[in-house]
Amino acid sequence: MREIKIGDTVESCVERSDYPPERIKKILGDETVAVIGYGVQGKGQSLNMRDNGVKVIVGQRKGGKAYDACLADGWKPGETLFDVEEAVKRGTIVQYLLSDAGQKEMWPKIKPLLTAGKALYFSHGFSIVFADQTGVVPPKDIDVILVAPKGSGTTVRRHFLEGRGINSSFAIHQDATGKARDRALALGIAIGSGYLFETTFKKEVVSDLTGERGVLMGAIYGLWLAQYEVLREHGHSPSEAFNETVEEATQSLYPLIAEKGMDWMYANCSTTAQRGALDWFKKFRDASKPTFEALYKSVETGEETRRVLDSCGKADYRQQLEKELKEVAESEMWRAGKEVRSLRPERQGDGK
């Protein structure tokens with residue numbers, strides 16, 4: 001375990017070396033982990049645990065793409081692949097990885113099967129924190145734990161296969177057995193985390209929803225789109241506008257930030273770029289901070305979760321989502337992006 005001190009704040013982070021394979025086996029050796037739902041997180045986490053020697057079964061309804069994906073990944077009906085209720089019955093640890101709306105819908109069928117001593121595992125605090133909206137109130141005689149990878153399940157799996165780990169948070173909401181912390185941390189390493197930092201269910205969901213709507217997805221796309229549109233309106237070509245907005249960011253500058261930080265990225269750019277960035281970042285901060293405050297309040301008060309449950313619970317949600325995503329894909333900016341990506345050297349077979 002490593003301590004990180006930033007100013008007056010000291011955090012203890014759990015590293016992979018704290019839970020080596022023999023310790024994970026000791027903690028989870030008699031457990032059966034039932035992964036409910038085979039979306040991006042369910043797929044990535046279950047495959048990593050299986051590869052790490054954990055006894056894993058998957059609960060997924062027959063029919064549809066998710067069930068077909070289970071079969072393609074080697075889960076065997078009647079052995080390691082069951083319907084949801086049967087998987088919950090068999091599991092001693094139940095990883096509840098359905099969508100947030102799906103968790104609300106399935107909960108009345110799940111709750112009676114969570115018998116004393118089991119653990120209920122989440123990768124998002126949504127259902128527990130906003131129980132007034134979801135109805136998810138676990139029995140008092142089970143552990144309720146969380147491990148939240150800081151990335152898509154696709155990244156969780158990819159990093160694992162590359163021998164890397166993803167950053168994750170963990171939290172204990174309820175410790176009925178005295179084993180909740182060890183269960184959470186052993187699972188956290190088994191699913192592919194490189195290190196884990198402690199949080200609470202509420203802090204996880206508020207920070208996560210703020211981040212997704214903010215710099216991770218919503219805000220960054222909004223900024224990219226604004227700059228792209230300004231460049232195009234001033235006569236710049238689609239290729240030039242996309243390269244200066246997205247391609248240079250994702251292919252050159254962001255990797256430098258990931259490597260050693262913002263200051264190092266600045267130091268490895270031209271003096272003209274340095275001066276401009278240092279002069280303008282505070283203007284963007286001051287312009288956007290009120291929007292982030294409004295976003296945080298909307299998340300904290302439950303307004304965002306109400307919108308999610310209302311939207312995602314509709315019968316035609318999937319069709320509406322595909323329509324919205326198609327509009328993004330067919331916008332000029334991302335049509336330009338498709339062409340630009342096709343011109344990367346690695347796509348032409350001569351990347352050296």
Side-chain angles (χ1 to χ4, degrees), residues 1-2 12-38 41-60 70 73-76 78-82 86-97 113-123 138 141-151 153 155-199:
M1 188 171 298
R2 179 185 298 180
S12 295
C13 295
V14 177
E15 298 180 278
R16 188 182 294 170
S17 58
D18 295 318
Y19 281 78
E22 59 271 18
R23 187 175 184 186
I24 292 175
K25 184 176 181 180
K26 183 177 180 180
I27 296 168
L28 301 178
D30 294 329
E31 305 269 22
T32 297
V33 181
V35 178
I36 307 305
Y38 209 67
Q41 284 294 343
K43 177 183 175 77
Q45 293 191 35
S46 62
L47 292 174
N48 289 357
M49 286 189 293
R50 186 175 72 181
D51 288 350
N52 271 325
V54 177
K55 184 179 179 182
V56 185
I57 60 176
V58 174
Q60 179 64 48
C70 289
D73 288 336
W75 302 103
K76 300 184 182 302
E79 296 181 21
T80 56
L81 177 59
F82 303 90
E86 183 62 25
V88 174
K89 289 178 186 177
R90 290 171 177 260
T92 57
I93 298 173
V94 177
Q95 292 195 342
Y96 205 30
L97 300 180
L113 306 176
L114 296 171
T115 52
K118 291 192 177 189
L120 180 61
Y121 165 115
F122 294 88
S123 282
D141 54 2
I142 67 169
D143 294 340
V144 182
I145 59 180
L146 173 146
V147 176
K150 299 298 103 181
T155 310
V156 171
R157 182 60 175 165
R158 182 180 297 155
H159 280 199
F160 178 84
L161 293 174
E162 292 172 353
R164 304 159 60 195
I166 195 157
N167 306 337
S168 300
S169 61
F170 77 96
I172 312 301
H173 178 72
Q174 194 167 281
D175 185 4
T177 66
K179 302 184 296 182
R181 187 180 180 88
D182 262 351
R183 277 171 148 176
L185 292 173
L187 287 165
I189 299 302
I191 67 164
S193 303
Y195 84 92
L196 301 107
F197 59 93
E198 191 162 10
T199 186

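- Separation of atoms OG (Ser12) and CG (Leu196) is listed at 12.5 Å; rounding is to 0.5 Å.
- Thr92 places a side-chain N or O within donor-acceptor distance of the main-chain N or O of Thr32, the cut-off being under 3.5 Å.
- Arg158 pairs by the salt bridge (Lys or Arg N to Asp or Glu O under 4.0 Å) definition with nothing, not counting sequence neighbours.
- Val156 and Pro149 get closest at one heavy-atom pair: CG2-CB, 3.6 Å.
- Between atom CD of residue Gln174 and atom CG of residue Asp141 there is a gap of 8.0 Å, rounded to the nearest 0.5 Å.
- At least one side-chain heavy atom of Leu187 sits less than 4.5 Å from a side-chain heavy atom of Ile93.
- When the shell of 6.0 Å around NZ of Lys150 is examined, it contains more than 12 heavy atoms from other residues, nucleotides or ligands.
- Looking at heavy atoms from C-beta onward, Val35 lies out of side-chain contact with Gln45 at the 4.5 angstrom threshold.
- Between Ser123 and Leu97, the shortest heavy-atom distance links the atoms OG-CD2, 3.6 Å.
- Annotation for Arg2: atom CZ does not count as buried by contact number, only 12 or fewer foreign heavy atoms lying within 6.0 Å.
- Partners of Asp51 by salt bridge (Lys or Arg N to Asp or Glu O under 4.0 Å), not counting sequence neighbours, listed by chain and number: Arg157.
- Under the ring-ring contact (aromatic ring centres under 6.0 Å, His included) criterion, His173 pairs with Phe201, sequence neighbours left out.
- Taking CG from Leu28 and CZ from Arg183, the interatomic distance works out to 8.5 Å, rounded to the nearest 0.5 Å.
- Checked by atom type and distance alone, the side chain of Ser193 pairs as donor or acceptor with a backbone atom of Gly188 at under 3.5 Å.
- Taken to the nearest 0.5 Å, the CZ atom of Phe197 stands 8.0 Å off from the SG atom of Cys13.
- Side-chain atoms of Asn52 and Phe160, non-hydrogen and from C-beta on, do get closer than 4.5 Å to each other.
- Legend: residues meeting salt bridge (Lys or Arg N to Asp or Glu O under 4.0 Å) with Asp175, ordered by chain and number and at least two apart, are absent.
- Of all the heavy atoms in Ile142 and Gly117, the pair that sits closest is CG2-N, 4.3 Å.
- Across Asn48 and Gly192, no two heavy atoms sit closer than the pair ND2-CA, 4.2 Å.
- Taken from CD1 in Ile57 to CD in Glu79, the straight-line distance is 12.0 Å, to the nearest 0.5 Å.
- Between Ile36 and Ala87 the shortest heavy-atom distance is CD1-CB, 3.9 Å.
- Looking only at distances, a side-chain donor or acceptor of Lys118 sits under 3.5 Å from a matching main-chain atom of Val88.
- For the atom pair CG (Leu113) and CZ (Arg90), the distance works out to 13.0 Å, reported to the nearest 0.5 Å.
- Judged as a salt bridge (Lys or Arg N to Asp or Glu O under 4.0 Å), and not counting sequence neighbours, the contacts of Glu162 are Arg164.
- Counting all heavy atoms, side chain and backbone alike, Gly163 lies closest to Arg16 at O-NH1, 3.9 Å.
- Inter-residue side-chain proximity for Ile191 and Tyr121 is flagged as met; some heavy-atom pair is nearer than 4.5 Å.
- The shortest distance between side-chain heavy atoms of Thr80 and Arg50 does not fall below 4.5 Å.
- Using a 4.5 Å heavy-atom cutoff, the side chains of Tyr195 and Asp18 are not in contact.
- In this structure, Arg23 and Ile189 have side chains that are not in contact, with every pair of non-hydrogen atoms separated by 4.5 Å or more.
- For Asp182, the side chain to side chain donor-acceptor pair (under 3.5 Å) partners are Tyr19, not counting sequence neighbours.
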